[in-house]
Each structure stands twice: as structure tokens, then as C-alpha cells.
Engineer: 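Handing you this structure, nothing more for now.
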Amino acid sequence: MRALYDSKSKSISDRGVNEILSGSEKLKTWLLVEAELAKAQAEEGFIPWEAAEGISQSCKLENLDLEEMERIKVKVGHGFVPFLKVLVKACPKEAGKYVHYGVTTQNIQQTSQLYQMKKVHDIFLKTCGEILENLSVLAERHKDTVMPGRTHGKHAIPITYGYKVSVWISELLNAVERLQECEKRVFQVMMGGAVGSFNAMGEVGIHVQERVAKALGMYAMPVPSRSISSHKEEYIMDLALLCNVCHKMAEEVYYTGMEEFGEVSEAFQEGTIGSSTMPQKINPKLAKGIIANSQKLYSMVSLGLFSSVRMFEGDSSSYMLYDGMLEEALELTSQVLMRMEELTRTIHVNKEKMYENAWKNRGLDNSELVMMNVAAKIGKDKAHGLMYEKAMKVELEGRDYLSVLLEDEYLTELFSREELEAMIRPENYVGCGSKIAEIMAEKAADKAKGLMEGK
């Protein structure tokens with residue numbers, strides 16, 4: 001397997017993804033597509049019904065001589081012809097004449113791979129539903145949990161943790177929308193033959209392709225050209241964008257779990273060991289796997305763009321590369337999503353530490369609030385200049401912010417001590433963070449319900 005696995009992978013369910021991508025399932029899918037092709041051709045009168053029935057009944061893995069298939073593969077140097085030869089042999093004599101009739105290798109292999117991808121895709125969407133459900137709970141639970149907002153690696157103004165989670169929800173909803181919207185372009189059946197123009201089947205081939213697509217729950221490729229890879233590249237890009245959201249969440253957990261922050265941490269189970277030499281180590285096992293697998297997936301986007309550009313009507317160097325990349329992209333995404341589901345479900349939030357960090361600058365993070373109140377009296381520009389002067393005293397002289405405010409006669413004429421104290425408390429300046437968290441928690445819950453119901 002080409003995903004980046006570690007010991008944590010042993011305890012995470014892959015929801016059946018590895019089985020779908022197994023070698024035996026690949027053969028079963030080839031058989032399924034060949035059977036549906038034969039039935040569609042019979043329905044269009046292109047081959048006899050008896051032949052289609054014989055092919056359909058023979059398209060079972062147990063009917064194939066797999067050892068013979070391997071022997072032929074060594075001899076002919078082709079990855080698909082050996083499969084066809086043993087399938088023909090497994091069929092009744094007359095039916096065998098119509099196996100793989102009027103199509104080419106890539107038609108079956110690509111259609112089959114996209115069919116397998118669609119099954120994995122459905123698992124991914126349901127897992128995204130689970131993650132959204134977890135995030136909904138997290139956003140609602142912590143809609144009022146105050147923490148520092150940070151920009152450029154420094155404190156900005158206070159936010160709530162629920163608001164931070166609502167940002168993740170928003171991005172994840174967009175990623176899911178992209179995945180659902182691309183289905184009609186990605187999961188397409190190709191039955192156009194050697195160059196994609198239905199030379200062998202003629203016009204009936206167009207209807208055959210439509211029938212096969214309907215039978216497989218897929219879409220017919222408008223122009224079944226073997227040189228088209230943009231739909232495969234689109235799917236890799238969409239997976240990369242999905243994993244990018246998960247990567248962002250994992251990075252936050254990874255770094256704000258450091259002792260210097262102490263705001264969140266992965267759930268810890270007694271007996272888990274983080275280091276062979278440092279007994280005290282408790283490492284972020286879920287987050288690191290999300291980060292590593294996501295980063296590997298990103299590298300495939302540019303590789304696919306280069307590979308999709310080939311001359312003429314087909315090039316095995318391109319679709320050979322895509323065959324491998326698509327499977328690898330699914331493996332990587334599987335590792336990311338399964339870890340993300342567990343992480344969002346079990347994450348520990350340290351509310352006290354978050355508030356402590358929000359108050360670390362003793363109210364200086366609320367300078368904008370004080371400025372806006374002053375601006376109501378003297379205008380924004382003058383207020384900004386005045387509050388900048390106070391902030392610099394705090395930064396350069398190591399002064400306490402409230403003391404600096406209270407020694408200014410102009411400010412104490414405008415506001416009482418109690419009012420100034422209230423202005424610098426982080427919980428009094430979180431904007432609409434709580435409301436946004438409520439809204440996005442509801443949206444996440446609604447979408448999660450639909451995804452987990454297969455909608």
C-alpha cells in the first residue's frame with residue numbers, strides 16, 4: 001500500500017476501502033463490466049441474446065483459471081489479454097465469440113476503476129458526514145469558549161473555539177459539495193473502442209454505452225476518447241482540497257497541543273507509548289498521519305497535469321500513470337479521513353488554558369474594542385493614534401495595559417474604571433463568533449444527516 005501507515009493505522013477501520021481496491025475486486029469489476037457490456041449489446045441487437053446470457057453467467061471469479069491467466073501474462077506481455085483469454089475459455093463456445101466485442105482494453109479497465117472509485121467515493125462522503133457531525137457537536141459545545149485569535153503567528157483579537165470550528169465546517173462543506181458536484185463528470189463509462197469514435201460498433205455503440213452507464217449507476221462519457229484525463233485529474237484535485245481542510249485542522253491540533261499552548265490535545269489512552277527513549281512522550285499520532293498523507297497527495301496534482309498532456313488518441317504512459325495515481329489517491333485520502341473522524345470525535349479541549357492564553361497580554365488584545373469606543377467620540381484616525389501610543393507603552397515599557405489606560409486623563413473622563421476593565425476582558429469582544437458557531441453547527445448537522453443517509 002502506498003499510503004503512509006503507522007501503528008495508529010492498526011486501530012482505525014478503513015470502512016472497507018482496502019477490500020474494494022484489492023486485486024480480486026478489480027477482477028470482479030472487470031467481469032461485471034464485461035457482463036453489462038454484453039447485455040447492453042444484446043439489448044441493442046448487436047450480439048445474440050444467447051451469447052449475452054452465456055457471458056453474463058460465466059462472468060464469475062470462480063470460473064476463471066487464474067493460474068492459467070498468470071502463465072499467459074508471462075508469455076504475451078499484456079495486462080488484460082490474459083484475462084480475456086481465460087474468460088473466453090470459461091464461456092460457452094458460441095458465447096465466447098462475443099466477449100469484449102467492439103471495445104478495447106482501456107474501455108473496460110478505466111470504466112472498472114471508476115466504478116470501484118465510486119464505491120470508495122460513497123464511503124468517503126459518509127465519513128465526511130461523520131466528521132461534520134463531530135464538528136457540529138464541537139462548534140455548539142464551544143461556541144462561547146474564549147481563546148486568542150491569531151494572525152501572522154501573533155495574538156490578534158479574541159475569538160471563540162466554536163468560531164474556529166465553524167471555519168473548518170465551512171471549508172469542509174465546500175469540499176463535500178465539490179465532490180458531489182463532480183460525480184457526473186468523473187464517474188463516466190467509456191465504450192468508444194480503439195480511438196473513441198465507436199468504429200467497431202457504429203451508432204449502436206452510443207446507446208450501448210448509455211445502457212452500461214445506467215446499469216452501473218454511472219454516467220456516459222460524451223466523447224469516450226482515451227486521451228481525456230481531465231475528469232481523473234479533477235477528482236485527484238478535489239480529494240487534495242478535501243484533505244487540505246483536514247490537514248488544516250490537524251496542523252492546529254498538532255501545534256496548539258504543544259505545551260507552550262496547551263489548548264487542545266488528542267485523546268490519550270493509557271498504555272500508548274510515544275517514544276522508545278523518552279518515557280514522558282505523548283505524541284499526536286492522528287494529526288501527524290493526516291499531515292503526512294495529505295502532503296503526499298498534493299504532489300500528485302502537478303504530476304497528473306503533466307501526465308494528462310499526450311499527443312494523439314491514446315497513450316499508455318499516461319493512463320498507466322493515472323491508474324496508479326488514482327488508487328494511491330484513494331488510499332491516502334482514506335488514511336486522512338478515517339483519522340480525521342476519530343480526531344474530531346475524541347479531541348480534548350482545554351477551556352481554561354484557552355482563556356488563560358486569551359488573557360496573556362492582560363487585555364491588550366482588546367485594543368480594537370477600546371479604540372472603537374474612543375472613535376465614537378473623536379473619530380477613527382485620532383482614536384487609532386491614541387490607542388497605538390498606549391499599546392506601544394505596554395510593549396516597550398512592559399507596562400500593564402489597564403494601568404496605562406487609567407493614567408490617561410482624557411480616557412478616564414470618557415470612561416469609568418469599570419467600563420475600561422470591561423472593555424479589555426476577552427469574553428467581551430468575540431464579535432458574532434458564538435452566533436456563527438451556532439449557525440454552522442446546524443448546517444453541519446443537517447449535511448451530516450444527509451450524507452450518512454446516502455443523499
Side-chain angles (χ1 to χ4, degrees), residues 2-4 9 12-18 20-21 114 116-136 138-139 164-187 230-254 286-305 322 325-345 347 440 443-444 446-448 450-452 454-455:
R2 289 152 293 196
L4 303 174
S9 305
I12 300 175
S13 168
D14 72 348
R15 272 76 163 177
V17 171
N18 289 343
I20 293 171
L21 299 179
L114 294 177
Q116 288 177 280
M117 281 173 53
K118 187 176 184 303
K119 293 170 73 173
V120 175
H121 172 83
D122 292 340
I123 294 173
F124 285 171
L125 289 178
K126 287 183 179 180
T127 307
C128 285
E130 294 174 37
I131 296 169
L132 282 167
E133 185 175 54
N134 297 340
L135 291 176
S136 174
L138 207 57
K164 181 183 285 290
V165 175
S166 74
V167 174
W168 300 341
I169 290 172
S170 181
E171 289 194 276
L172 185 54
L173 288 172
N174 288 340
V176 168
E177 183 179 306
R178 278 189 291 268
L179 281 175
Q180 292 182 307
E181 205 277 331
C182 80
E183 291 175 357
K184 60 182 178 291
R185 290 186 298 276
V186 174
F187 303 119
S230 54
H231 57 314
K232 294 179 278 188
E233 177 66 16
E234 178 181 4
Y235 196 66
I236 292 174
M237 285 182 168
D238 286 344
L239 290 182
L241 287 168
L242 169 63
C243 289
N244 193 244
V245 180
C246 297
H247 180 180
K248 179 177 182 177
M249 291 187 258
E251 287 275 4
E252 289 262 4
V253 174
Y254 194 94
L286 290 165
K288 72 177 183 182
I290 294 168
I291 294 167
N293 282 289
S294 296
Q295 289 174 331
K296 188 178 183 188
L297 178 58
Y298 306 154
S299 68
M300 297 170 63
V301 174
S302 59
L303 180 60
L305 289 171
Y322 262 109
M325 285 201 305
L326 286 168
E327 187 171 329
E328 185 170 0
L330 295 177
E331 292 173 10
L332 291 164
T333 303
S334 174
Q335 278 293 299
V336 170
L337 291 182
M338 305 318 164
R339 288 166 176 271
M340 198 73 248
E341 189 284 318
E342 182 174 333
L343 179 59
T344 52
R345 174 168 41 84
I347 188 172
M440 296 310 294
K443 285 187 177 182
D446 289 344
K447 187 64 176 179
L451 290 171
M452 288 188 285
K455 297 177 182 177

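What's counted below: heavy atoms across the whole structure, side chains too, no hydrogens, waters or symmetry copies. Model, not experiment: these values are computed from the prediction. The first residue in the sequence is number 1, and the count goes up from there.
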Engineer: If you compare all heavy atoms of Phe187 against all heavy atoms of Leu114, which two are closest, and at what distance to 0.1 Å?
Structural biologist: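 Looking at all heavy atoms of both residues, the closest pair is CD2-O, 3.4 Å.
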Engineer: Could you tell me whether the side chain of Leu332 reaches within less than 4.5 Å of the side chain of Met300, counting heavy atoms only?
Structural biologist: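 Yes. Closest side-chain heavy atoms under 4.5 Å.
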Engineer: Can you tell me how far apart OG (Ser166) and CG (Leu135) are? Round to the nearest 0.5 Å.
Structural biologist: 10.5 Å
Engineer: Please report the closest heavy-atom contact between Lys126 and Met452, naming both atoms and the distance.
Structural biologist: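 Where Lys126 meets Met452 most closely, the heavy atoms are O-CG, 3.9 Å.
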Engineer: Would you compute the distance between atom CD1 of Ile236 and atom CG of Leu303 and round it to the nearest 0.5 angstrom?
Structural biologist: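 Here the interatomic distance stands at 8.0 Å.
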Engineer: Tell me whether Glu177 at atom CD has more than 12 heavy atoms from other residues, nucleotides or ligands lying less than 6.0 Å away.
Structural biologist: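 No, the 6.0 Å shell around CD holds no more than 12 heavy atoms from other groups.
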Engineer: For the pair Tyr298 and His247, name the ring-plane relationship: parallel under 30°, tilted 30 to 60°, perpendicular over 60°.
Structural biologist: parallel
Engineer: If you round to the nearest 0.5 Å, how far is CG of Leu330 from CG of Leu337?
Structural biologist: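 If we round to the nearest 0.5 Å, Leu337:CG and Leu330:CG are 10.5 Å apart.
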Engineer: Ignoring hydrogens, what is the shortest heavy-atom contact between Ala250 and Ile291? Give both atom names and the distance.
Structural biologist: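 What the structure gives for the nearest pair is CB-CG1, 4.0 Å.
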Engineer: Going through the distances and angles, do Asn293 and Leu297 end up as a side chain to side chain contact (heavy atoms under 4.5 Å, CB included)?
Structural biologist: CA-CA 6 Å; Asn293 282 289; Leu297 178 58; over 6 Å; no
Engineer: Side-chain contact, heavy-atom cut-off 4.5 Å: Val186 with His121?
Structural biologist: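 Side-chain contact under 4.5 Å: no.
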Engineer: What are the two closest non-hydrogen atoms of Cys128 and Leu451, and how far apart are they?
Structural biologist: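 Heavy-atom minimum between the residues: C-CD1, 4.2 Å.
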Engineer: Measuring only between side-chain heavy atoms, which start at C-beta, is Lys443 closer than 4.5 Å to Met440?
Structural biologist: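 Lys443 reaches Met440 side chain to side chain.
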Engineer: Would the distance check show the side chain of Tyr322 and the main-chain N or O of Gly304 forming a donor-acceptor pair, the cut-off being under 3.5 Å?
Structural biologist: yes
Engineer: Please check: side-chain N/O of Asn134 versus main-chain N/O of Glu341, any donor-acceptor pairing under 3.5 Å?
Structural biologist: yes
Engineer: So Met338 and Ile123, do their side chains get closer than 4.5 Å, heavy atoms only?
Structural biologist: yes
Engineer: With a 4.5 Å limit on heavy-atom distance, are the side chains of Trp168 and Thr344 in contact?
Structural biologist: no
Engineer: For a 4.5 angstrom cut-off between non-hydrogen side-chain atoms, does Leu343 reach Met249?
Structural biologist: no
Engineer: Return the minimal non-hydrogen interatomic distance between Cys182 and Glu234, and the atom names on each side.
Structural biologist: CB-OE2, 3.4 Å
Engineer: How many angstroms lie between CG in Leu21 and OG in Ser334, if you round to the nearest 0.5 Å?
Structural biologist: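 Going from CG on Leu21 over to OG on Ser334, the span is 8.0 Å.
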Engineer: Could you tell me the separation between the OG atom of Ser299 and the CD atom of Glu328, rounded to the nearest 0.5 Å?
Structural biologist: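 Here the rounded value is 7.5 Å.
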Engineer: Does Ile290 reach the side chain of Val253, with side-chain heavy atoms less than 4.5 Å apart?
Structural biologist: no
Engineer: Indicate yes or no: at least one non-hydrogen side-chain atom of Val301 is less than 4.5 angstrom from one of Glu233.
Structural biologist: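 Of all side-chain heavy-atom pairs linking Glu233 with Val301, at least one is under 4.5 Å.
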Engineer: Could Glu130 and Arg345 be called an ion pair, given the rule that one side-chain N must be under 4.0 Å from one carboxylate O?
Structural biologist: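 Judged by the 4.0 Å cut-off on N to carboxylate O distance, Glu130 and Arg345 do not form a salt bridge.
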Engineer: If the condition is side chain to side chain contact (heavy atoms under 4.5 Å, CB included), which residues does Val167 pass it with, not counting sequence neighbours?
Structural biologist: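 For Val167 the side chain to side chain contact (heavy atoms under 4.5 Å, CB included) partners, ignoring immediate neighbours, are Tyr163, Glu171, Lys248.
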Engineer: Assess whether atom OH of Tyr254 is packed by more than 12 heavy atoms of other residues, nucleotides or ligands within 6.0 Å.
Structural biologist: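 It does not: Tyr254 OH has 12 such atoms or fewer within range.
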Engineer: Begin with the C-alpha distance, continue with both residues' side-chain angles, and end with the deciding distance and a verdict on side chain to side chain contact (heavy atoms under 4.5 Å, CB included) for Leu305 and Met237.
Structural biologist: CA-CA 10 Å; Leu305 289 171; Met237 285 182 168; 3.8 Å; yes
Engineer: If only atom types and distance count, is the side chain of Thr333 paired as donor or acceptor with the main-chain N or O of Ala329 below 3.5 Å?
Structural biologist: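 Yes, Thr333 side chain to Ala329 backbone: donor-acceptor pair under 3.5 Å.
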Engineer: Measure from the side-chain N and O atoms of Gln116 to the backbone N and O of Ile20, and report whether any donor-acceptor pair falls under 3.5 Å.
Structural biologist: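 Yes.
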Engineer: I need the Leu242 CG to Met340 CE distance, nearest 0.5 Å.
Structural biologist: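 Result: 10.5 Å between the selected atoms.
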Engineer: What heavy-atom pair brings Leu132 and Ala444 nearest, and what distance separates the two atoms?
Structural biologist: O-CB, 3.6 Å
